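Note that the structure is a prediction, hence the values are computed from the model and not measured. Each residue takes its place number in the sequence, starting with 1.
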Amino acid sequence: MLIVSVVVAMMLMEGGLSSKIGYGAIEHGGEQKPCKGPKCLPGSSNGYNRVHFWAPTFKWGISIANVADFSKPPEKLSYPQQIAVACTGIVWSRYSTVITPKNWNLFSVNVAMAGTGLYQLYRKVQHDYSSEPEAVIAKE
């Protein structure tokens, strides 16, 4: 899944796929301008009923779940899961600044994902490699 995300992001950054249509954009004679006024109402095809708004909004659930896991003991954290969360956050943060118009909701959620993923990785690495093993008391 992470590999697919990276490949799609690279294609979009290189212009391999059209990245000109974004949330809240209206075409005006070939160029796009931010959506303003009644055309951005929830019933509009350019407003809050677009996937470009709701997908990052629901993605906040991943960051919130990761914050809730801060209280979880580090030995129960998963390296693959936290690497995926951190890398996804980093890659898609970059993508959200390349598209036109810029999607700041997507940027902010991915910065939060990268931050929480990196913090969880730090906790896991610190626990696995920095803590001393507990001494086992031998019974006589």
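Side-chain atoms of T88 do not come within 3.5 Å of backbone N or O of V85 as any donor-acceptor pair. Remark: the backbone N or O of K72 is not paired with any side-chain donor or acceptor of D69 at under 3.5 angstrom. A donor-acceptor distance shorter than 3.5 angstrom exists from the side chain of T116 to the backbone of M113, with no hydrogens or angles considered.
Environment of CZ in F58: sparse, with no more than 12 heavy atoms of neighbouring residues, nucleotides or ligands closer than 6.0 Å.
Here I83 contributes atom CD1 and S78 contributes atom OG; the two are 8.0 Å apart, rounded to the nearest 0.5 Å. One distance of note links CD1 of I99 with CH2 of W92; it measures 9.0 Å at 0.5 Å rounding.
Counting only heavy atoms from C-beta outward, the side chains of S108 and W60 approach each other to under 4.5 Å. The closest side-chain heavy-atom distance from I90 to R94 is not below 4.5 Å. Contact of the Q82 side chain with the K124 side chain is not registered, since no non-hydrogen atoms from C-beta on lie closer than 4.5 Å.
Outside the 6.0 Å centre-distance limit, the rings of Y95 and F107 are not counted as a close aromatic pair.
A donor atom on one side chain and an acceptor atom on the other are not found under 3.5 Å apart for N105 and K59. Counted by atom type alone, R123 and Q126 present zero donor-acceptor pairs between their side chains at under 3.5 Å. Neither side chain, N66 nor Y119, offers a donor N or O lying under 3.5 Å from an acceptor on the other.
One hydrophobic cluster holds both L121 and Y129 under the rule that ILVMFWY side chains link at heavy-atom gaps under 4.5 Å. In the hydrophobic cluster analysis, where Ile, Leu, Val, Met, Phe, Trp and Tyr join through side-chain heavy atoms closer than 4.5 angstrom, L77 is grouped apart from Y122.
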